[in-house]
Amino acid sequence: MAAHLKKRVYEEFSKVVQIPHEDIPAKKLRLSKPSKSAALHIDLCKATNSTDALQYLLQFARKPVEAESVEGVVRILLEHYYKETDNSVRLKIASLLGLLSKTQGFSPDCIVDDVINILNNEKSHQVLAQLLDTLLIIGTKLPDSPTVRQRLIEVACKHLSDTYFGVRNKCLQLLGCLGMVDTPLNKDNEGLSSLVGGVRDVQSIISDYFGDQDPRVRTAALKAMLQLHERGMKIHQIIYDQACRLLSDDYEQVRSAAVQMVWVLSQLYPESIVPIPSSNEEIRLVDDAFGKISHMISDGSWMVRVQAAKTLGSMLQVSPHFLEQTLDKKLMSDLRRKRTAHERAKELFASGEFSSGRKWADDAPKEKLDTNTVNLIASGACGAFVHGLEDEMFEVRIAAVEALCQLARSSPSFAEKCLDFLVDMFNDEIEEVRLQSIHVLREISTHITLREDQLDTVLAVLEDSSRDIREALHELLCYTNVSTKECIQLALLELLKNLNKYPTDRNSVWKCLKFLGSRHPTLVLPLVPELLSTHPYFDTPEPDMDDPAYIAVLVLVFNAAKSCSTMPALFSDHTFRHYAYLRDSLSHLVPPLRLPGRKQMYGLDSVDSGCGSGSVESAQLFLQQSLNRVSTIQNLEAPGAQELLDFTIRDLQRLGELQIELAGAADFCATYLRCQLLLMKALQEKLWNMAVPLCLKQNVTATAAAQQILEETYKLEFLYSGLESRQVATIHHVRLQAKALQLILTARTRQGLDSLMSSCEKFLQDVESFQRLFLTELPHLQDSFVDKLLELMPRLSSCKPVEMVKILQTTLRQSGLLQLRLPAQIHRATATIIEPTGESDNPLRFTSGLVVALDIDATLEHVQDPQNTVKVQVLYPDGQSHVIHPKPGDFRKPGPDRQRLITQVYLSHTAWTEPSQIEVRLLLAYSSSSASLSSPSKLGWSDSTDSLSPPEAAVEGTIPFSKPVKVYIMPKPTRR
C-alpha cells in the first residue's frame, strides 16, 4: 500500500512539474561582472596604512582590466593619489596610470589634465619622473592630437631644469618622442617664453644637454636626438661638432650614443666640407666621421668597439684612400697634409744652419712631421680593422669581419686588399669567428682570386673537427677563383684527404668539386692525364667505381669538360663508360656532355638536348593545357571522364620528373585530380541504386576513398608552399565533399539516430566555418558543391537528419569538378636523407635494454618552420614506431628555402635472434582546424568566448615527406 501511494504521489508531482515547463518560456540568464573600480575603491578604503594600500595596488596590477572599466579605475586612483602622503604609494599609482593608458580601446585624453595637474604639484623627484613617463605613454597613444602633444612638450621644457637626473631624462625622452618635426618653439607658446627666450626648436633645446654634468642625461640627450631622426626630422649639421666632442667622454654609454649620432650626420651630410683642427685643410664630412669612428675601435669599452666596427661597415660613401688606411697601421703619405715648395724653402731658410755653399740649403735639417697636427685622419684610426681583427673580445672580431664584408662588397679594390686579413681569421681560436670569416669570404668571392699561399691557408681549415666549418669551406670553394693549375691540384688533394678522414662529407666534397671544375676548365685541362692516370702508349688499369675519391675526380673532370671541347679526346674507353654510369646515378653532379661519335651508343644527348630556355615555357603551356582539358569532363560519361583523369594524372607526374622547375606545380595538380578521381569512383551510379546489404564491398571501398581524399587534402594544404587563398579554398572545398561522402556512408551503414544527428550538426558547422573563412572567395565558387549547400542552408538547418542526408547525396552527385587555378609558383616540401645511406649490410650492434645513437643527416627544401614541424620516425620490425622531435640547434640554413638537419636518434629494443632492418623517415607535422569560434549570434547568456570550444577540434597529423631508409640493427642479449 505504501509503495502504491508513493508511486501515485510521484506521478502527480511529475505532472505538476511538467505543466509550467510547457507554458512558461525559459528565462535566459546573463552573468554580470563586478565593477573593477568599485572593488578597487573598497580595497583602498580598507587600507589602514600606506603598506596595506601598496599591497592592494600590487594585487590589482596583476589583474586584467577591460576597456570600459579603465576610466572608472583611473578616477579612483586619482582620488586616492590626492589623499596619499607616502611617496611609494603615489609612485605606484603613477605607474598604474601609465599601464592603464596602454589598454586597447581606451582613449587617455580624458586624464591628461589630471596628470598634468598632479605633476605640477608633485614634490618627489621619483614620482615626478614616473608621471612624466605616464605622459609619454599618453602622448604616444594620441599621435593625432597636436594640442595634447604641445601641452606635453611645454611640461617637458618646464621641468628640464630639475635637479634630479631621472626627471631630466624623462623630459628629454618626451621631447625626442613627441617634439614637433616641423614646428619651432617660439614666444607664442605659453610656458616656454621665459625658459627658451626666443625662437628655438626642439633640437637646440636637446643639444644644450649634451654638456650636462650627469652622464645619464648626456646619453638621454643623444638618444632623444636620434629619436627625432627616426621620426623624420633632419638633424642640423651644427650638432656634428658637439657629437664629435662626446666621442671622448668618460662614460661608455655616452660614447656609444655619440658614435650613432656621428654616423647619422655622416649619412645626412656626406659631401659637406669640415675643417681639420690645427690646420688650414678641409675634408668631406663622411671622411672625417669615418676617421673618428675608426678611432673608436681602440676604445677601452668592448661594447663601444663592437658598435664602432658595425657602424664602419655601413659607411659606403667614404673615400678609397681613407678606406685603405684602416688596413695599415702606418700612416700613409696620402693622408698627410702636403706643403708647397715655397713653404718648404721658406722653412729651410729660416732654420739658420751653416751650409758649405755648394748647394742651397744642402745641410739644412730635414722636415719634421708631427702626426698629431698634419695628418688628415686620426692616428688611432690607422689600421682600425687590423686592431678590430686582433681584438681580445671575439664579439669585436666578428663585428670587424662583418664590417669588412659590407665595405668589400661595394669596393672590389678594397676586397683584394682585405683578402689576406680575412684569410688569417680562418685560424681564429673561436669557431664562430672562423665560420663568419668563411661566410664573409664567400660573399665577396666574385671580386677576388686566391693565390697559392692564401689557398694553402684556406685549405688547412679542412682539418677542423667541426662539420659546420668544413661544409662552409666547401661552399666557399664552390664560388672561389684560383690563379694556377697548382692551386687546382692542391685543392683536389686536400679535398680527397678530407674525404678520407671524414667520409660523411662525401656529398659536400663532390658538390664542391663540381663547381671547382666548371669554374676552371682551362686549369683542369693540363691535369687530366695525371688525374685519370692515362698513358699515350700503355693501357692503365680501370679504377674502382665504388671508390668515392675516384668519383670525386671524375666529377671535377666532367664538369670542366662541359666548357672545354678538347678535353674528351684525353678520356680512355672506361672513362666514357663511367660517365654514362654517373650521368644516370649522379645526374645532379655530372652535366650532359656532347661526346663526338658516342651519342648513339650511350644516348647521352637524347633527353638533355631539349633542355633550353624555351623548355620551361613549353612545359608550363602543357601544364595549363592539361588543366583546361580536364575541365571538359563534365560533358563525358563516367568511364570516359575517369580515363581522361587517369591519363592526365600520369602526364603530370611524368612532367614533374622531367622539369624540376615545375615539379611542385605538376605534383600539386596531379594530387588534386587524384582526389577528384577517387570522388568520382565513389559516387558511381550502381553503388547508390542498390540496397545496402547488396553492396557492402562497394561501401567499404567508398569509405576508404573518402578517408584517402581527406588525407590527400591535408597533403595539398601543408606539403606545398606558395598557395594563395583561392587554392586553399579549393582544397577545403574538396575536403568538405569528402566529409559529406563520409556522412552519407555513415547514414547508410550504421544504425542509431543520436550519432547521425551529431554528425549532421558537425557537418553544418563545417559549412558555416567554410563560409566565414573564405567569404571573399565565394564568388569564384559559383555552381560548386558548397555554393549549392549555402543556398540550401535554411532547409538543411531545419530538416531531419535522414532528409538532410538525402539532400547531401543529391547535391554531391550533381556537383561537378571545380576548376583549379595555379598561382605563380608552387613548391613542394621535400626531404632527402643523406645519412644513413641504407647501403651497409653490416648491422649496428648494441646490447638490448641500452641505447645506440644513429646519426641522421638530411637536406630539407621549401619546409615552413622546420624546427616545429619536422620529426624523425623510426619503424621497428615488430610494428613499434617511435617519433623523435629534433632540437632547434640541429637545424642549419645553408641557403634560401634550404635547411639542413644533422641530429642523432637513439635506438633501443629487446634482444633479437638475428639482425633485421628498421625504417627511418622524416615526417611533416601539421595542425588544422576548419572552424574558429562559434557564431556570435549563438552565444546565449555568455558574452565571453573563452569557454567555448570550436565546433571542430584541431586535426593533428603527420605526412611522410622523405623516402624511408633501411638500417640493419642487432640488439644483443645481455651478458651475465
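All values below come from the heavy atoms of this structure, side chains included, with hydrogens, waters and symmetry mates left out. Just so we're clear, the structure is a prediction, and the values are computed from it rather than from any experiment.
Counting only N and O atoms by type, the side chains of Ser572 and His574 include a donor and acceptor under 3.5 Å apart. A donor-acceptor pair shorter than 3.5 Å can be found between the side chains of His578 and Glu542.
Enclosure of atom CZ in Phe421 by more than 12 non-hydrogen atoms of other residues, nucleotides or ligands within 6.0 angstrom is indicated. Atom CD of Glu432 has 12 or fewer neighbouring heavy atoms from other residues, nucleotides or ligands inside a 6.0 Å radius. In Lys871, the NZ atom is crowded: over 12 heavy atoms of neighbouring residues, nucleotides or ligands sit closer than 6.0 Å.
Between Asp420 and Arg451 there is a salt bridge, with a side-chain nitrogen of the basic residue lying less than 4.0 Å from a carboxylate oxygen of the acidic one.
Looking at Arg898, its side chain never comes within 3.5 Å of a backbone N or O of Thr859 through a donor-acceptor pair. Checked by atom type and distance alone, the side chain of Lys514 pairs as donor or acceptor with a backbone atom of His588 at under 3.5 Å. Side-chain N or O atoms of Tyr579 include one that pairs as donor or acceptor with a backbone N or O of Leu593 at under 3.5 Å. Counting only distance, with no hydrogens or angles, the side chain of Arg921 and the backbone of Ser962 share no donor-acceptor pair below 3.5 Å. With hydrogens and angles disregarded, a donor-acceptor distance shorter than 3.5 Å links the side chain of His520 to the backbone of Val482.
Contact between Tyr550 and Pro543 at its shortest, heavy atoms only, is CE1-CG, 3.4 Å.
The aromatic rings of Phe414 and Phe385 are tilted relative to each other, their planes meeting at an angle between 30° and 60°.
Residue Val433 forms a side-chain contact (heavy atoms from CB on, under 4.5 Å) with just one option from Leu389, Ile398, Ile438, and that option is Ile398. Between Arg470 and the choices Asp464, Asp505, Thr504, the side chain to side chain donor-acceptor pair (under 3.5 Å) rule is met once, by Asp505.
Looking at Leu525 and Leu570, their side chains come closer than 4.5 Å, going by heavy atoms from C-beta outward.
Cation-pi geometry between Arg442 and Tyr479 is satisfied (NZ or CZ under 6.0 Å from the ring centre, within 45° of the ring normal).
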Mind running ring pair (Phe, Tyr, Trp, His ring centres under 6.0 Å) on Phe961 and Phe718 for me, showing each step along the way? CA-CA 11 Å; Phe961 72 121; Phe718 297 104; over 10 Å; no
